[in-house]
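Below is one structure, written out as C-alpha cells; the observations come after it.
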Amino acid sequence: MRDCLAPLGGMGASCGPDRGPSEAQSPRSLCSRKAVTTHPAIVRAAILLAQEAGGTVFIGDSPGVGSLAYVAKACGLTPVLEETGAELADFSTSREFDGPHNTVAKRLTLAKAVADADVIVTLPKLKTTGR
C-alpha cells in the first residue's frame, strides 16, 4: 500500500496533523462466507499508514445486516482494531447540510462521524457477484 500511495505523496499527503486530527475509514463490511469485504490486512495497512502520518483513525460503515461491531468481529476486523487502537465510528447519528447551490440535492444527510472527520479514506472492495 505504501508503494501504491508513494506517487501521490504517500498517506501523509492526505492524513496527518496538518490535515486535521481525525480520519474516518470506510471498508466494505458485509458479512458473508464469500470474499465480499475489504480484507483485514488492507484495513490494517491503511490504519498503520494513517497513524504513521499522525492521524487518529476511526473505522465506520453501515452494514446491511447487524451492527458494525458484530460485522467487524465476523469479518476479522476486531483483532486489527485491538492491535492498532483504531476505533469503530458510530454511524447511527446524522447531521444535515444545506446545499442551496446543488442542482440535485438541496439538503444532504451524512453520518455525524463522517461529517466530523477531517479526512475520509474509502477502502473499496471489487464486486464479487456471480455474474
Side-chain angles (χ1 to χ4, degrees):
M1 186 174 289
R2 183 183 312 277
D3 291 343
C4 289
L5 293 173
L8 305 173
M11 185 69 85
S14 299
C15 302
D18 53 335
R19 300 283 185 213
S22 68
E23 169 189 342
Q25 293 189 6
S26 178
R28 180 126 174 117
S29 57
L30 297 171
C31 189
S32 173
R33 292 181 187 195
K34 296 182 180 181
V36 296
T37 64
T38 303
H39 194 280
I42 300 295
V43 177
R44 179 183 179 276
I47 291 170
L48 293 176
L49 288 174
Q51 290 173 334
E52 186 180 289
T56 302
V57 180
F58 297 91
I59 301 295
D61 203 346
S62 298
V65 178
S67 70
L68 181 57
Y70 170 81
V71 173
K73 182 177 180 183
C75 295
L77 287 177
T78 301
V80 171
L81 297 172
E82 291 169 353
E83 174 194 348
T84 62
E87 298 178 29
L88 291 177
D90 178 14
F91 278 18
S92 65
T93 57
S94 60
R95 216 161 114 194
E96 292 191 358
F97 297 88
D98 289 322
H101 302 292
N102 292 351
T103 304
V104 177
K106 301 289 185 189
R107 189 170 201 79
L108 299 173
T109 303
L110 295 175
K112 185 177 180 315
V114 172
D116 291 345
D118 298 302
V119 176
I120 299 169
V121 175
T122 302
L123 301 175
K125 170 69 176 141
L126 295 176
K127 296 285 185 178
T128 56
T129 56
R131 295 180 190 210

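Pairs of residues two or more places apart, or lying in two chains, that qualify as salt bridge (Lys or Arg N to Asp or Glu O under 4.0 Å) and include a residue from residues 39-49 are Arg44-Glu83. The list of salt bridge (Lys or Arg N to Asp or Glu O under 4.0 Å) pairs with a residue in residues 98-114, not counting sequence neighbours, reads Glu96-Arg107, Asp98-Arg107, Lys112-Asp116.
Closest non-hydrogen pair, Ile120 versus Ala117, comes out as CG1-CB, 4.4 Å. Considering every non-hydrogen atom in both Ala89 and Leu68, the closest pair reads O-CD2, 3.8 Å. Looking at every heavy atom in both residues, Ile47 comes nearest to Ala86 through CD1-CB, 3.9 Å. In plain terms, the two heavy atoms of Cys75 and Pro40 that are nearest each other are O-CG, 3.3 Å. Of all non-hydrogen atoms in Phe97 and Leu110, the two that sit nearest each other are CE1-CD1, 3.9 Å. Closest approach of Val114 to Phe91, counting heavy atoms only: CG2-CZ, 3.5 Å.
Qualifying side-chain contact (heavy atoms from CB on, under 4.5 Å) partners for Ser92, counting only residues two or more places apart in sequence or in other chains: Asp90.
For the pair Ile59 and Val80, the minimum side-chain heavy-atom distance is 4.5 Å or more. In this structure, the side chains of Thr84 and Val57 stay at 4.5 Å or more apart for every pair of heavy atoms.
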Decide yes or no on side chain to side chain contact (heavy atoms under 4.5 Å, CB included) for Val71 and Asp61, but give the supporting numbers first. CA-CA 10 Å; Val71 173; Asp61 203 346; over 6 Å; no
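Under the 4.5 Å side-chain heavy-atom criterion for Ile, Leu, Val, Met, Phe, Trp and Tyr, Leu48 and Val121 are members of distinct hydrophobic clusters.
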